[in-house]
Amino acid sequence: EAGVAQSPRYKIIEKRQSVAFWCNPISGHATLYWYQQILGQGPKLLIQFQNNGVVDDSQLPKDRFSAERLKGVDSTLKIQPAKLEDSAVYLCASSLVLVAYSTDTQYFGPGTRLTVL
Amino acid sequence: DAKTTQPTSMDCAEGRAANLPCNHSTISGNEYVYWYRQIHSQGPQYIIHGLKNNETNEMASLIITEDRKSSTLILPHATLRDTAVYYCIVRGEYGNKLVFGAGTILRVKS
């Protein structure tokens, strides 16, 4: 079974530029998550999708971050404009759960390491 | 969701059992204890979870105290590949949200 795919693996940009990350979840997984992991810290949930609807985006800085999952499969996370403090690893995860607010195992991708100069 | 407390780091000799403690004194009756680990440059990996009873799978064992205020993850025969950050997470019955702390850095040494 293929795992969660993410691209690119690494990205370096200047502050105020924009950047986009792509995630392809495990086939058949209804729920998709984006996490931000700053160096030395645990991952922090940014946004959770159930199929193509948003379940939780309470921690997403909506003035600069946006995410979409148009067809309920793959997803993109965008930052525009980027700040120095956005330097982090952006992790995508998916789970099978078909009903929002139920417990299921999350499977993580390898992440995209973003450096903002 | 209840908070957890874990040691910052631990060392373990290769081939020996690694016992990773976690305190979750404010856990409520319907909250589960989950363990994930994160090997360098990889995403977190699910290990095991439990509610009240001890659990075992091919990766590890989870021992939960009777009062459920603490738990221990046991890797029975640690290898160098088990060097990672281990996260103990308390998770509600209804809610897929994982709230990660800083975790425990486990270093397995030969």
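Here the structure is a predicted model, which means the values were calculated and not measured. Letters go in sequence order (proteins before strands), and every chain restarts at 1.
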In one Ile/Leu/Val/Met/Phe/Trp/Tyr side-chain cluster, 4.5 Å: B:Met10, B:Ile48: yes
A:Ile13 with A:Leu77, same ILVMFWY side-chain cluster at under 4.5 Å: yes
Region of A:Gln6 that comes under 4.5 Å of a non-hydrogen atom in chain B: neither
Top contributor to chain A interface from B:Gly43, B:Gly101, B:Ser41 [non-hydrogen pairs under 4.5 Å]: B:Gly43
Exercise: identify the closest heavy-atom pair between B:Tyr87 and A:Gln41: OH-O, 4.0 Å
Common cluster, A:Val116/A:Tyr35, ILVMFWY with side-chain heavy-atom separation under 4.5 Å: no
A:Tyr107 (side chain) donor-acceptor with B:Tyr46 (main chain) under 3.5 angstrom: no
For chain B, the option from A:Cys92, A:Ala93, A:Pro43, A:Gly109 that forms the most heavy-atom pairs under 4.5 Å: A:Pro43
More than 12 heavy atoms from other groups under 6.0 Å of CZ on A:Arg9: yes
Cluster overlap A:Leu117 with A:Ile38, hydrophobic side-chain contacts below 4.5 Å: no
Side-chain heavy-atom pair A:Leu91, B:Gln38 within 4.5 angstrom cut-off: yes
Distance in Å, A:Thr105 OG1 paired with B:Tyr34 OH, rounded so as to fall on 0.5 Å steps: 5.5 Å
Nearest-0.5 Å distance, CD of residue B:Gln45 to CD of residue A:Gln106: 14.0 Å
Student check: side-chain heavy atoms of B:Leu98 and A:Tyr33 closer than 4.5 Å: no
Joint cluster assignment, A:Leu84 & A:Tyr90, ILVMFWY side-chain distance < 4.5 Å: yes
Members sharing B:Ile74's hydrophobic cluster (side chains within less than 4.5 Å): B:Ile63
